[in-house]
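Presented below is the structure to which this report refers.
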Amino acid sequence: MDRIGVVGCGLMGSGIAEVTARAGANVLVVEQDAVAMGKGLERIEKSLLRAVTSGKMAEEESRRIRDNLSFTTDFSELEDRELVIEAVAENEEIKLDVFRKIDAAVKDPDAILATNTSSIPIIKLAMATHRPEQVIGMHFFNPVPVLKLVELISSLLTSPETTARARSYATESLSKRVITSPDRAGFVVNALLIPYLLSAIRMLESGFASAEDIDTGMMVGCAHPMGPLALTDLIGLDTTMAVAESLYEEFKEPHLAPPPLLSRMTQAGLMGRKSGQGFFSYKS
Ligand code: 3HC
């Protein structure tokens, strides 16, 4: 597959657009307006510049990757895409609406419609289309150019052919490691990760330990590359909140409910790195 569409160019979408363009595909990114397009492109260019500056990529190669990318606000331009990966905000209504639009726009009868959702059941998104057998979850990890994992989630209606083609694209074209997950809230990784992040937030909220000590404990004591609060800031507090809500809705276990501190910070717009302030400050 070398005509790829990516819908949404936020934290995850920009990473997905970058890795698919790096793999040589012609990538069309759909965003809602010029401002969002500008921010997405800036993120991709920053990431490419980082690779060039550190000597891992030739400048010519980064130009080639940049040339593989184009942007639009018009869903109908997805018409000729063979694979479309949706990566808009983690909100069911928004994703359903986007899936209806992708389904209406894409004309290739064999196209795969994938979602990078962290927690919304794949079957719900599949049922918003006329081709549920071609809908699959391809869940990437942030930062997408660095982390090698893709979770592949087939719904009850995903065809074996769709699963095989998506797996082959992720492993062969994108050089990712694939694990498979059932279509359950959180899939494999977030079902393990989010309760851990929520525990750290509760620990901070109750005054049990400071943010610095919680993170230092896990980095120095358990060799994690970053502590749980810095990781929540990286993922985004709004996304963490949305995944926690989905997990709680599905399993109704108290430890999956978002702690009040997470809700209040999200309501206050303290989203982590992307807003400049979360559990730590990122203002330069
Ligand atoms: N884009 C591209 N490359 C990046 C990058 C980015 N945003 N951030 C870091 N890198 C690259 C650097 O260039 C560097 O490459 P090199 O080793 O080849 O030179 C490498 O990553 C390490 O970066 P740094 O030296 O700047 O910083 P660190 O060593 O502190 O690593 C990190 C930063 C990669 C973010 C690391 O701390 C890490 O892996 N943290 C854990 C992240 C994690 O757990 N993510 C999963 C989140 S869960 C998720 O995404 C699912 C969702 O559904 C919630």
Side-chain angles (χ1 to χ4, degrees), residues 8-22 39-57 61-62 65-66 85-92 95 114-122 137-153 174-179 181 184-198 200-201 215-216 218-220 222-247 256 258 262 266 271-274 278-280 282:
C9 200
L11 270 186
M12 298 302 287
S14 57
I16 295 167
E18 181 184 333
V19 296
T20 49
R22 276 192 190 208
K39 281 190 183 162
L41 180 58
E42 199 180 305
R43 237 181 250 116
I44 296 169
E45 284 181 338
K46 204 167 148 193
S47 178
L48 292 174
L49 185 64
R50 184 198 276 253
V52 171
T53 315
S54 65
K56 279 182 293 179
M57 186 187 284
E61 171 71 354
S62 87
I65 296 166
R66 175 65 192 84
I85 306 174
E86 169 280 314
V88 302
E90 197 63 14
N91 173 297
E92 194 172 312
K95 283 196 190 279
T115 172
N116 178 57
T117 181
S118 315
S119 60
I120 295 167
I122 307 305
M138 287 180 81
H139 184 214
F140 293 78
F141 292 82
N142 181 19
V144 180
V146 180
L147 296 186
K148 289 283 171 210
L149 188 70
V150 170
E151 281 181 308
L152 207 59
I153 309 105
L174 302 183
S175 305
K176 297 285 188 190
R177 279 279 295 274
V178 166
I179 61 170
S181 168
R184 295 284 181 279
F187 314 132
V188 171
V189 173
N190 280 335
L192 291 168
L193 177 66
I194 298 295
Y196 158 64
L197 301 183
L198 300 181
I201 297 167
D215 273 23
T216 302
M218 295 312 291
M219 286 192 294
V220 181
C222 297
H224 287 195
M226 60 203 325
L229 300 172
L231 181 53
T232 307
D233 282 348
L234 177 74
I235 293 169
L237 274 68
D238 50 343
T239 301
T240 306
M241 174 90 191
V243 183
E245 281 172 340
S246 295
L247 281 163
L256 299 173
L262 178 61
T266 306
M271 304 297 190
R273 278 198 197 194
K274 61 184 165 190
F279 295 104
F280 300 102
Y282 302 89

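Every number for a ligand or one of its atoms is a count from 1 in the order of the listing. None of the values given here were measured: they were computed from a predicted structure.
Residue, atom and distance of the protein heavy atom nearest to atom 3 (N) of ligand 1 are Val146 CG2, 3.3 Å. Counting protein heavy atoms only, atom 49 (C) of ligand 1 is closest to Phe141 CD2, 3.5 Å. Looking only at protein heavy atoms, the nearest one to atom 45 (N) of ligand 1 is Asn142 O, 2.7 Å. Arg50 NH1, 3.1 Å is the protein heavy atom nearest to atom 9 (C) of ligand 1.
Taking the salt bridge (charged side-chain N to carboxylate O under 4.0 Å, His left out) definition, one finds that Glu45 meets it with Arg66, sequence neighbours left out. The side-chain contact (heavy atoms from CB on, under 4.5 Å) check on Ile179 picks up Leu149, Glu151, Val188, Val189, with sequence neighbours excluded.
Not a single heavy atom of Ser54 lies less than 4.0 angstrom from ligand 1. The shell of residues lying under 4.0 angstrom from ligand 1, judged by heavy atoms, includes His139.
Between Thr239 and ligand 1, no pair of N/O atoms sits closer than 3.5 Å.
Shown here, atom 13 (O) of ligand 1 is in close reach of the protein: a heavy atom of it lies under 4.0 Å off. Protein heavy atoms are absent from the 4.0 Å sphere centred on atom 27 (O) of ligand 1. Within the 4.0 angstrom cut-off, atom 53 (O) of ligand 1 has one or more protein heavy-atom neighbours. Distance remark: protein heavy atom not present below 4.0 angstrom from atom 20 (C) of ligand 1. Protein heavy atoms are absent from the 4.0 Å sphere centred on atom 33 (C) of ligand 1.
No part of Thr240 comes within 4.0 Å of ligand 1, judged by heavy-atom distances. Only the side chain of Leu193 comes within contact range of ligand 1, with a heavy atom under 4.0 Å; no backbone atom does. Contacts of Leu147 with ligand 1, taken as heavy-atom pairs under 4.0 Å, involve the side chain alone.
Between the Glu90 side chain and the Ser119 main chain, a donor and an acceptor come within less than 3.5 Å of each other.
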